[in-house]
Amino acid sequence: MPPPRTREKALRHRLAELRGPEVQAKALDARALAALAANPGCRRRAILDGAGVNKAVLADALGSPSVFGQSQFAFVRGNAFEAKVKADGGTELLRLAHEKLDRAAEPPADARVPDLTAQGPQGRTARTELALREATEAPGTWTLLDHPMLALDVAGSPAFLEPDAVVVHPDGSWTVVEIKSFPMLDGAADPAKVGAAARQSAVYVLALERVAARLDPAPRVRHRILLVCPKDFSNLPTASAVDVRKQRAVTARQLDRLTRIEEIADTLPEGTCFSPELPAERLAEAVESVPATYAPECLSACELAFHCRDRSRAQGAVTRLGRPVRAELGGLTTVEDVLAAARGEAGDPDDPAVAALRRAAALRAEALEAAALEVAPCP
């Protein structure tokens, strides 16, 4: 077996080939990792994200443009709000951290904001780890890390993550800060948006735990993150402490279940390439060579969702009806199989799913017959 460094170099070369010659790799972010962890059985997303393929560009080339992503207006508004929150050395952000997470500590004054500038993601990751170490070894003060860089191994491929901020408390513990531009009305925000922010922050917490494990003694990474949003309909910041223990546990378990990138790459035909410069037919053939696990939830999380939905419909796959339905149907994987089982034309009668389908079909037939008798004209 070749040494690890040689295997890593060979994998990088293989992923570059899959991405296409001279195609710039698209870095994984926490939002993509949270979506990937939510669908760990999708090998297609795993290999495309691992290879750094820009799935939005790929979807355009396949003729199924994506509408997934943040609007330009929301992006600009979010950046303006984040700048306001972090103004004056993060004074307001640290005040909110003290108020919502650590009232027992001394109020933040003269907090440190270390410079995290470095060359490349590896350099920024090393600089972030050094800054965290220095802040932890100097207790009694508050430290704000603005856009630190963290690394997390995902299916054998490193992903570099950039949280909005990380706060080091006077006791040496660490907190992830997530800044969003959606409003918090009367102290509460949209539950769906808060849930998405919590899943994204859980990825940062996992990455921070990897850093903490390398320090001696290991500092505590808090599982309550600070979510900062505009208050009501103003541009004034307010915050809430969000417990992400559940999201962190689910994300860690799902990421561990991901098939390693090199295992997926080894199953692909020789010459497979996902470059958007290729003819549409060849590109579609390359994409279809990797199994996908489509579900309706993909529409809000993956740029290739429309393409995969069209293929799922063409194949009559039951996954397009949702994961709960798919789980109830057992070994019946297509709509045709389901209908045949319901009609009694196929399937094992002792299979609970088949028995339930036949019972449902019989009840439906009885109901239709009763309804027809009720509306039948008198002789």
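FYI, the numbering just counts along the sequence from 1. Keep in mind it's a predicted model, so treat the numbers as computed, not measured.
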List the atom pairs, donor and acceptor, that lie under 3.5 Å between side-chain atoms in residues 98-119 and the rest of the protein, sequence neighbours left out.
from: H98; atom 1: NE2; to: A105; atom 2: O; distance (Å): 2.9
from: E99; atom 1: OE1; to: R95; atom 2: NH1; distance (Å): 2.9
from: D102; atom 1: OD2; to: H169; atom 2: ND1; distance (Å): 2.9
from: D102; atom 1: OD2; to: R222; atom 2: NH2; distance (Å): 3.4
from: R103; atom 1: NE; to: E99; atom 2: O; distance (Å): 3.1
from: R112; atom 1: NH2; to: T141; atom 2: OG1; distance (Å): 3.3
from: R112; atom 1: NH2; to: T143; atom 2: OG1; distance (Å): 3.4
from: D115; atom 1: OD1; to: T117; atom 2: N; distance (Å): 3.0
from: D115; atom 1: OD1; to: T117; atom 2: OG1; distance (Å): 2.7

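- Judged as a salt bridge (Lys or Arg N to Asp or Glu O under 4.0 Å), and not counting sequence neighbours, R210 has no contacts.
- Applying the side chain to side chain contact (heavy atoms under 4.5 Å, CB included) criterion to D164, with sequence neighbours excluded, gives E82, K86, H147, E178, I179.
- A continuous path of Ile, Leu, Val, Met, Phe, Trp and Tyr side chains, each step under 4.5 Å between heavy atoms, connects L144 with V85, placing both in one hydrophobic cluster.
- The CZ atom of R43 sits 9.5 Å away from atom CG of L268, with the distance rounded to the nearest 0.5 Å.
- Pairs passing the side chain to side chain donor-acceptor pair (under 3.5 Å) check and including a residue from residues 265-284, sequence neighbours excluded, do not occur.
- If you chain together hydrophobic residues whose side chains sit under 4.5 Å apart, V318 and L339 fall into the same group.
- Using a 4.0 Å cut-off between charged side-chain N and carboxylate O, R245 and D243 make a salt bridge.
- Listed here is the closest heavy atom pair of I225 and S201: CD1-OG, 3.7 Å.
- If you take CZ on R309 and CG on L299, they are separated by 5.5 Å, rounding to the nearest 0.5 Å.
- Hydrophobic clustering of Ile, Leu, Val, Met, Phe, Trp and Tyr side chains at less than 4.5 Å, counting indirect connections, unites L15 with V53.
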Stepwise, does the side chain to side chain contact (heavy atoms under 4.5 Å, CB included) test hold for V228 with M184?
CA-CA 9 Å; V228 182; M184 197 173 287; over 6 Å; no

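- Here the side chain of T293 pairs a donor or acceptor atom with the backbone of G41 at under 3.5 angstrom.
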Chi angles and distances behind the side chain to side chain contact (heavy atoms under 4.5 Å, CB included) call for T334, Q315:
CA-CA 7 Å; T334 67; Q315 296 165 3; over 6 Å; no

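- Listed by chain and number, the residues in a side chain to side chain contact (heavy atoms under 4.5 Å, CB included) with D232 are L185, D186 (sequence neighbours excluded).
- Considering all non-hydrogen atoms of both residues, A280 and A61 come closest at CB-O, 4.1 Å.
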Verify side chain to side chain contact (heavy atoms under 4.5 Å, CB included) between H223 and Q247, making sure each step is shown before the conclusion.
CA-CA 10 Å; H223 289 164; Q247 292 84 354; over 6 Å; no

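- Listed by chain and residue number, R343 satisfy the side-chain hydrogen bond (donor to acceptor under 3.5 Å, both in side chains) test with E345 (two or more places apart in sequence, or in another chain).
- Residues L208 and V242 share a single hydrophobic cluster, defined by chaining ILVMFWY side chains whose heavy atoms lie under 4.5 Å apart.
- Applying the side-chain hydrogen bond (donor to acceptor under 3.5 Å, both in side chains) rule to Y204 yields the partners Q200; only residues at least two apart in sequence or on another chain are considered.
- Minimum interatomic distance between A305 and C298 (heavy atoms only, all atoms of both residues): CB-O, 3.4 Å.
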Just do the side chain to side chain contact (heavy atoms under 4.5 Å, CB included) check on S173 and V221 with the steps written out, would you?
CA-CA 6 Å; S173 59; V221 179; over 6 Å; no

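- Under the 4.5 Å side-chain criterion, counting only non-hydrogen atoms from C-beta, L227 is not in contact with V177.
- Atom NZ in K246 sits 11.5 Å away from atom OG1 in T251 (nearest 0.5 Å).
- For the pair R311/Y294, no side-chain contact is recorded, criterion being any heavy-atom separation below 4.5 Å from C-beta on.
- A 4.5 Å side-chain heavy-atom check between S181 and C229 finds every atom pair outside the cut-off.
- You'll find the side chain of D60 stays beyond 4.5 Å of the side chain of P276, heavy atoms only.
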Could you go step by step and tell me if E262 and R14 meet the salt bridge (charged side-chain N to carboxylate O under 4.0 Å, His left out) rule?
CA-CA 9 Å; E262 58 263 35; R14 175 64 171 142; over 6 Å; no

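- With salt bridges taken as basic N to acidic carboxylate O contacts below 4.0 Å, none links D49 and K26.
- W174 has its side chain within reach of P219: a pair of non-hydrogen atoms, C-beta onward, lies under 4.5 Å apart.
- Contact annotation: the side chain of V203 never approaches that of L206 to less than 4.5 Å [non-hydrogen atoms, C-beta and beyond].
- Contact annotation: the side chain of V167 never approaches that of L145 to less than 4.5 Å [non-hydrogen atoms, C-beta and beyond].
- Note that the CZ atom of F274 and the CG atom of N54 stand 14.0 Å from one another [nearest 0.5 Å].
- By the side chain to side chain contact (heavy atoms under 4.5 Å, CB included) test, R44 pairs with C42, L48, V287, E288, V290, A292, L304, H307, C308, sequence neighbours left out.
- Residues passing the salt bridge (Lys or Arg N to Asp or Glu O under 4.0 Å) test with R224, sequence neighbours excluded: none.
- Across all non-hydrogen atoms, the minimal contact from L161 to A207 is CD1-CB, 4.0 Å.
- Partners of R313 under the side-chain hydrogen bond (donor to acceptor under 3.5 Å, both in side chains) rule, at least two apart in sequence or in another chain, do not exist in this structure.
- With contacts defined as side-chain heavy-atom distances shorter than 4.5 Å, the pair F160/T125 qualifies.
- Within 6.0 Å of the CD atom in E328, the count of heavy atoms belonging to other residues, nucleotides or ligands does not exceed 12.
- The side chain to side chain contact (heavy atoms under 4.5 Å, CB included) check on T91 picks up D88, with sequence neighbours excluded.
- Nearest heavy-atom pair, I261 versus G50, reported as atom, atom and distance to 0.1 Å: CD1-CA, 4.1 Å.
- With sequence neighbours excluded, the residues satisfying salt bridge (Lys or Arg N to Asp or Glu O under 4.0 Å) with E297 are R323.
- In terms of heavy-atom proximity, T128 sits nearest to P148 at CG2-CB, 3.5 Å.
- Taken together through direct or relayed side-chain contacts under 4.5 Å among Ile, Leu, Val, Met, Phe, Trp and Tyr, L132 and V176 form part of one hydrophobic cluster.
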